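I have placed the structure first, in the form of structure tokens, so that the comments after it can refer back to it.
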Amino acid sequence: MKVTLAGNDTQLMNFRDFFKSSLETLKKEHLYRTFVPLERHAKEAPYAKRHKPDGTTQDVIVWCSNDYLGMSHHPNVIEAAKNALNTLGAGSGGTRNISGTAKIHEDLEKTVATLHGKEAGLIFSSGYSANKSTLSTLAQHIPDLVVLSDEKNHASIIQGIRHGRCEKVVFKHNDMVDLENHLKSLPYQKPKLIVFVSVYSMDGDFAKIEQVVHLAKKYNAMTFLDEVHAVGIYGEKGEGLAGMLNLSKDIDIIQANFAKAYGVVGGYIAADQVIIDFVRSHASGFIFTTSIPPATAAACIQSVEILKNDRTPAEKLLNNVAYLKERLRHTSVSMVESESHIIPLWVGDAKLCRKVSDHLLDTYGHYAQPINFPTVPVGQERLRITITPHHTHAMIDDFVDALQKTWDQILLKKAA
């Protein structure tokens with residue numbers, strides 16, 4: 001590859017030096033990502049075995065898992081996957097339109113449609129793919145569509161809209177006045193789609209679903225709601241925040257996944273049959289991707305059905321969340337008050353955030369991953385705490401004590 005320099009001279013680009021320089025910049029800015037290798041054993045949650053760089057291991061308690069209800073370890077979910085694996089094999093055999101549709105895939109789509117009170121569902125390999133594929137398809141194929149997107153929407157939503165190359169309007173987070181002003185400025189007959197999230201994953205706040213629905217009806221707009229961090233936890237059957245508010249029927253497309261509260265993997269959308277058929281027929285991210293393994297689909301169905309009929313795990317989770325929040329309010333730890341089960345602990349500096357996380361892990365055996373750019377803007381670095389029904393009050397007390405000592409030693413000392 002040639003690079004043009006001053007004076008119209010050219011030289012060959014050294015790719016390796018470019019990559020190394022880019023990585024060094026990330027490290028200097030404390031944005032370089034490091035992973036913590038864990039073994040999460042069934043029946044031992046929330047404990048995990050950490051494999052340390054020196055080759056030794058450490059037993060730790062995980063405080064940042066998206067397996068919100070511990071369903072990845074549920075014996076019935078594991079058994080469903082094992083039975084399907086033994087019966088149907090490890091892989092699906094192809095894309096959905098070329099030998100890769102098993103009956104269990106269709107069963108899972110009926111399961112999510114029923115969960116949200118919709119006519120049909122469509123499953124994808126991940127929640128990211130469900131968002132990106134669906135939104136890019138709508139944006140590419142609906143003539144003159146304008147997408148109105150909350151400024152704190154997930155990266156998968158942003159990528160889907162960007163890939164669709166339609167007109168886009170970003171409204172201020174949860175600001176209904178700003179959203180309405182944008183809607184007012186557009187012709188009533190112009191196709192419009194409002195895209196938002198029910199539970200925002202970094203701040204833990206709720207969307208104003210009822211107000212968005214009202215504005216959508218008033219200004220002739222479709223709605224697309226991401227329920228990824230709400231399904232399984234909220235609602236009488238785990239149908240999410242819209243379901244809890246009895247508003248699922250007023251949302252045109254509901255998107256969610258199986259990788260959070262359901263403890264498996266995969267994503268989906270639920271909507272009217274004609275919308276599902278349209279996306280199924282046009283979305284390249286659906287058409288050209290190998291379908292999820294039958295064992296995964298079986299585990300997903302089992303997890304959804306368990307949580308539809310047994311709300312005990314969700315109740316235990318929310319009780320634990322309330323206990324942890326109350327304990328944190330009596331410390332100097334910078335907790336951001338949230339409406340949901342997600343608890344952000346504000347640090348505001350990438351280097352210090354990493355230092356806090358490392359100290360908690362190395363000294364106390366508590367694992368809470370630092371969250372930095374691009375997941376959150378620079379200057380908004382934090383720990384994002386998510387507990388489960390399997391954490392005990394004794395664990396929480398020990399964690400809060402470790403947090404307080406770490407905060408005093410690293411953050412308050414620096415501030416002083």
Side-chain angles (χ1 to χ4, degrees), residues 112-113 116-122 124 127-198 200 207-228 240-242 245 247-256 267-287:
V112 297
H116 296 288
K118 298 296 186 184
E119 291 179 353
L122 192 68
F124 294 79
Y128 192 105
S129 179
N131 268 337
K132 183 178 179 181
S133 300
T134 303
L135 289 168
S136 63
T137 298
L138 296 175
Q140 287 169 6
H141 291 277
I142 299 176
D144 300 319
L145 179 70
V146 178
V147 176
L148 299 101
S149 176
D150 189 288
E151 68 178 341
K152 291 195 175 181
N153 277 341
H154 189 263
S156 58
I157 293 174
I158 295 169
Q159 288 298 320
I161 297 169
R162 182 177 294 158
H163 188 68
R165 298 178 182 175
C166 68
E167 184 179 349
K168 176 187 69 174
V169 173
V170 177
F171 62 91
K172 296 175 184 176
H173 177 55
N174 259 347
D175 189 328
M176 296 300 101
V177 173
D178 191 47
L179 174 58
E180 182 165 20
N181 286 337
H182 286 300
L183 288 166
K184 279 180 182 178
S185 70
L186 299 168
Y188 183 80
Q189 68 276 13
K190 192 175 184 66
K192 296 175 283 290
L193 175 66
I194 303 171
V195 184
F196 62 123
V197 176
S198 64
Y200 288 88
K208 298 177 180 178
I209 301 177
E210 186 172 11
Q211 295 180 49
V212 172
V213 166
H214 171 74
L215 291 175
K217 291 179 178 179
K218 182 177 179 180
Y219 293 99
N220 189 35
M222 290 178 63
T223 48
F224 181 105
L225 177 63
D226 179 324
E227 288 263 36
V228 161
L241 198 59
L245 299 172
L247 292 170
S248 295
K249 63 185 181 301
D250 298 303
I251 302 295
D252 293 293
I253 302 172
I254 293 175
Q255 180 273 341
Y268 67 87
I269 58 171
D272 292 346
Q273 178 63 58
V274 67
I275 295 177
I276 295 297
D277 200 15
F278 179 86
V279 175
R280 182 190 69 86
S281 300
H282 290 289
S284 62
F286 173 81
I287 295 169

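Computed from heavy atoms alone, side chains included, the values below leave out hydrogens, waters and symmetry copies. The model shown is predicted, which means the values in this text are computed figures rather than measured ones.
- Proximity of Ile253 to Leu193: side-chain heavy atoms (C-beta onward) are nowhere separated by under 4.5 Å.
- The shortest side-chain heavy-atom distance between Leu183 and Lys192 falls under the 4.5 Å cut-off.
- Taking both residues in full, the closest heavy atoms of Gly285 and Ser129 are given as O-OG, 3.8 Å, listed atom of the first, atom of the second, then distance.
- Between Asn153 and Ser149, the closest heavy-atom pair is ND2-OG, 2.8 Å.
- When side chains are defined from C-beta on, Leu122 does not count as touching Tyr268, because their heavy atoms never get closer than 4.5 Å.
- With sequence neighbours excluded, no residue forms a salt bridge (Lys or Arg N to Asp or Glu O under 4.0 Å) with Glu119.
- Using a 4.5 Å heavy-atom cutoff, the side chains of Ile269 and Ile275 are not in contact.
- Under the 4.5 Å side-chain criterion, counting only non-hydrogen atoms from C-beta, Ile209 is in contact with Ile251.
- Across every non-hydrogen atom of Leu186 and Lys190, the tightest pair is CD2-CD, 4.4 Å.
- Among residues two or more places apart in sequence or in another chain, the salt bridge (Lys or Arg N to Asp or Glu O under 4.0 Å) test is passed with Asp144 by none.
- Across every non-hydrogen atom of Ala120 and Gln273, the tightest pair is CB-OE1, 3.4 Å.
- From Ile142, atom CD1 reaches atom OG1 of Thr137 across 10.0 Å, with rounding to the nearest 0.5 Å.
- With rounding to the nearest 0.5 angstrom, the NE2 atom of His282 is 12.0 Å from the OG atom of Ser136.
- The shortest distance between side-chain heavy atoms of Thr134 and Gln255 does not fall below 4.5 Å.
- Side chain of Lys132 to main chain of Ala155: no donor-acceptor pair is present (N/O by atom type, distance under 3.5 Å, no hydrogens or angles).
- For the atom pair OG (Ser281) and NE2 (His141), the distance works out to 10.0 Å, reported to the nearest 0.5 Å.
- With a 4.5 Å cut-off on side-chain heavy atoms, Asn131 and Phe224 count as touching.
- For Asp252, the salt bridge (Lys or Arg N to Asp or Glu O under 4.0 Å) criterion is met by no residue, not counting sequence neighbours.
- Residues satisfying the salt bridge (Lys or Arg N to Asp or Glu O under 4.0 Å) criterion with Lys152, sequence neighbours excluded, are Asp203.
- For Ala270 against His116, the heavy-atom pair with the smallest separation is CB-CD2, 4.1 Å.
- The closest side-chain heavy-atom distance from Met176 to His214 is not below 4.5 Å.
- Of all the heavy atoms in Ala216 and Thr223, the pair that sits closest is CB-CG2, 3.5 Å.
- Side-chain N or O atoms of Asp272 include none that pairs as donor or acceptor with a backbone N or O of Val274 at under 3.5 Å.
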Exercise. Passes side chain to side chain contact (heavy atoms under 4.5 Å, CB included), Leu135 versus Val195? Steps please.
Worked result: CA-CA 9 Å; Leu135 289 168; Val195 184; 3.8 Å; yes
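- Judged as a side-chain contact (heavy atoms from CB on, under 4.5 Å), and not counting sequence neighbours, Ala113 has no contacts.
- Rounding to the nearest 0.5 Å gives a distance of 11.5 Å between OG of Ser198 and CG of Leu247.
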Identify every side-chain donor-acceptor pair in residues 157-173 under 3.5 Å, counting partners at least two apart or on other chains, and give the distances.
| unit_1 | atom_1 | unit_2 | atom_2 | d |
| --- | --- | --- | --- | --- |
| His173 | ND1 | Asp150 | OD1 | 2.9 |
| His173 | ND1 | Asp150 | OD2 | 3.3 |
| His173 | NE2 | Asp205 | OD2 | 2.6 |

